[in-house]
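Each remark here refers to the structure printed beneath this line.
These values consider heavy atoms only, across backbone and side chains, with no hydrogens, waters or symmetry-generated copies. Remember, it's a predicted structure, so these values are computed and weren't measured experimentally.
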There are 2 protein chains.
Amino acid sequence: MRKFDDSLPLKLLKAREAALNHFRPLLKEISLTEQQWRIIRALNEFGALESKQLAECCCILSPSLTGIITRLEQQNFIQRQKSNEDKRRVLLSLTDHAQKVFDEISPRFEERYRKMTEQFGQEKMDEFKELLELMAEVKP
Amino acid sequence: MRKFDDSLPLKLLKAREAALNHFRPLLKEISLTEQQWRIIRALNEFGALESKQLAECCCILSPSLTGIITRLEQQNFIQRQKSNEDKRRVLLSLTDHAQKVFDEISPRFEERYRKMTEQFGQEKMDEFKELLELMAEVKP
DNA sequence: GCTATTTATTTAATATATTAATAATCTAAG
DNA sequence: CTTAGATTATTAATATATTAAATAAATAGC
């Protein structure tokens with residue numbers, strides 16, 4: 001039978017852990033969790049988003065998102081605004097404070113990302129990302 | 001600047017989600033979480049393990065493991081036994097019940113794993129795993 | 001032999017993941 | 001227009017993740 005270590009989910013978990021280790025020191029420095037930073041990055045790029053869209057693109061389930069947003073709101077990183085056309089929906093966007101923090105710190109994330117890519121090898125990284133995208137498309 | 005979606009940790013997360021979707025229905029059927037199943041698989045292969053070793057090979061931190069083991073013990077899947085040489089250590093192993101459940105259900109996991117591999121392509125899967133292992137070795 | 005240090009595990013506190021259920025609103029069939 | 005069904009966000013309950021601190025037992029150095 002297939003060995004314990006020959007498990008795609010486990011290998012994906014370990015690879016992700018190793019990748020995140022490149023960024024954990026920075027996250028700790030600014031006191032944001034990995035998920036909080038992911039959400040801030042998404043809102044920086046897409047501007048205002050509805051909760052559902054944000055959950056989708058950040059790969060975070062709605063119930064988790066509700067809590068994360070609540071805390072980011074308390075820390076003055078995110079503002080919520082009810083939609084007028086559809087009163088069920090909530091629009092989320094970065095505060096000026098969050099935008100400022102993002103602009104200041106993101107170059108340092110970029111630098112670490114660059115180093116990680118260099119260490120792994122640019123060619124291998126491209127090939128790796130290609131395979132990751134293919135796997136993400138596989139349906140059971 | 002690098003786009004939001006061009007993020008290795010995010011791609012790893014999405015690929016892992018897609019991979020896990022192949023097994024979630026089975027896990028639900030036997031009412032075990034992904035982590036519980038990982039631990040059972042490890043103990044099936046390695047026999048009795050100490051808590052630290054189990055945490056290491058399952059990529060689960062000790063504080064999480066304590067809770068998971070407690071619940072698996074209550075469900076009669078795992079038994080703990082204190083080491084005699086070093087009374088700090090705890091030896092963990094599968095109960096007969098767990099071994100029986102594992103032997104019955106694991107062929108169905110194998111079958112789904114086989115289908116996932118076939119769908120993705122055996123060659124690509126080998127290449128993919130190779131890159132995942134390389135990434136897991138990269139140090140920050 | 002004793003003490004300081006180290007190591008293995010657990011506890012505590014907070015954040016996130018997962019599933020089910022709820023509340024509010026919208027949409028479409030009748 | 002009205003109501004059944006669908007959709008969005010939240011709440012609730014339980015499990016796991018993460019970091020720090022506490023506990024207990026082993027080991028090194030004196």
Side-chain angles (χ1 to χ4, degrees), chain A residues 9-10 12-14 16-17 20-21 23-40 48-75 77-78 80-92, chain B residues 9-10 12-14 16-17 20-21 23-40 48-75 77-78 80-92:
Chain A
L10 182 58
L12 284 161
L13 181 60
K14 289 186 173 177
R16 192 169 134 78
E17 279 307 300
L20 284 176
N21 282 337
F23 307 104
R24 289 227 166 88
L26 264 181
L27 288 170
K28 184 173 182 180
E29 196 177 313
I30 57 177
S31 295
L32 288 175
T33 66
E34 182 220 330
Q35 293 88 339
Q36 290 174 328
W37 181 246
R38 195 168 349 132
I39 285 169
I40 290 172
L49 282 181
E50 290 173 11
S51 180
K52 192 188 177 185
Q53 303 170 305
L54 189 57
E56 165 73 17
C57 76
C58 288
C59 215
I60 292 176
L61 295 176
S62 292
S64 299
L65 190 59
T66 296
I68 299 173
I69 294 299
T70 299
R71 284 178 286 274
L72 280 173
E73 200 179 14
Q74 288 166 351
Q75 297 173 242
F77 275 92
I78 279 188
R80 354 160 81 105
Q81 186 188 346
K82 283 220 168 185
S83 168
N84 275 329
E85 309 99 55
D86 187 337
K87 291 179 182 174
R88 292 169 302 182
R89 304 181 191 214
V90 182
L91 274 175
L92 302 165
Chain B
L10 183 57
L12 283 161
L13 181 60
K14 289 187 172 177
R16 193 170 133 79
E17 279 307 301
L20 284 177
N21 282 337
F23 307 104
R24 289 226 166 87
L26 264 181
L27 288 169
K28 184 173 181 181
E29 194 176 316
I30 57 177
S31 295
L32 288 175
T33 66
E34 181 219 332
Q35 293 86 341
Q36 290 174 329
W37 181 246
R38 195 169 347 132
I39 286 168
I40 290 172
L49 282 181
E50 291 174 11
S51 179
K52 193 187 177 186
Q53 302 171 305
L54 190 56
E56 164 74 17
C57 75
C58 289
C59 215
I60 292 175
L61 296 175
S62 291
S64 298
L65 191 59
T66 297
I68 299 173
I69 294 299
T70 299
R71 285 178 285 275
L72 280 173
E73 200 180 13
Q74 287 166 352
Q75 298 172 241
F77 274 90
I78 279 187
R80 347 159 87 105
Q81 183 187 347
K82 284 222 168 185
S83 168
N84 275 330
E85 308 99 56
D86 188 336
K87 290 181 181 175
R88 294 169 302 183
R89 306 182 191 210
V90 181
L91 273 174
L92 303 164

To the nearest 0.5 Å, tell me how far A:Gln36 CD sits from A:Ile68 CD1. 7.0 Å
Nearest nucleotide by nearest heavy atom, which residue falls closer to the 5' end of DNA chain D, A:Ser51 or B:Gln75? A:Ser51
For a quick test of reading the model: is some side-chain N or O of B:Arg80 closer than 4.0 Å to OP1 or OP2 of C:dT9? no
From the list B:Ile60, B:Val90, B:Ile69, side chain to side chain contact (heavy atoms under 4.5 Å, CB included) partner of B:Leu54 resolves to B:Ile69
Among the nucleotides D:dA15, C:dT16, D:dT8, which one has an atom lying closest to any side-chain atom of A:Lys52? D:dT8
Taken to the nearest whole Å, CD/A:Gln53 to P/D:dT7 is 16 Å
Which heavy-atom pair separates B:Cys57 from B:Leu49 by the least distance, and what is that distance? SG-CD1, 4.3 Å
Over how many whole Å does the gap from A:Leu49 atom CG to D:dT8 atom P extend? 14 Å
Distance in angstrom units between B:Leu27 CG and D:dA15 P, rounded: 15 Å
Heavy-atom nearest pair, B:Leu92 first then B:Ser51, reads CD1-CA, 3.9 Å
Base-contact (B) and sugar-phosphate-only (S) positions in nucleotides 17-28 of chain D, heavy-atom cut-off under 4.0 Å, - elsewhere: BBBB----BS--
Pairwise distance CG(A:Leu72) to CG(A:Leu65) - rounded to 0.5 angstrom: 9.0 Å
Distance in angstrom units between B:Leu72 CG and D:dT14 P, rounded: 17 Å
Of the non-hydrogen atoms in A:Leu10 and B:Arg38, which two are nearest, and what is the gap between them? CD1-CD, 3.8 Å
Interatomic distance, B:Arg71 CZ vs D:dA15 C1' [rounded to whole Å]: 5 Å
Between C:dT16 atom P and A:Arg16 atom CZ, what is the distance in whole Å? 13 Å
Quick check on C:dT10: is either OP1 or OP2 less than 4.0 Å from any side-chain nitrogen or oxygen of B:Arg89? no
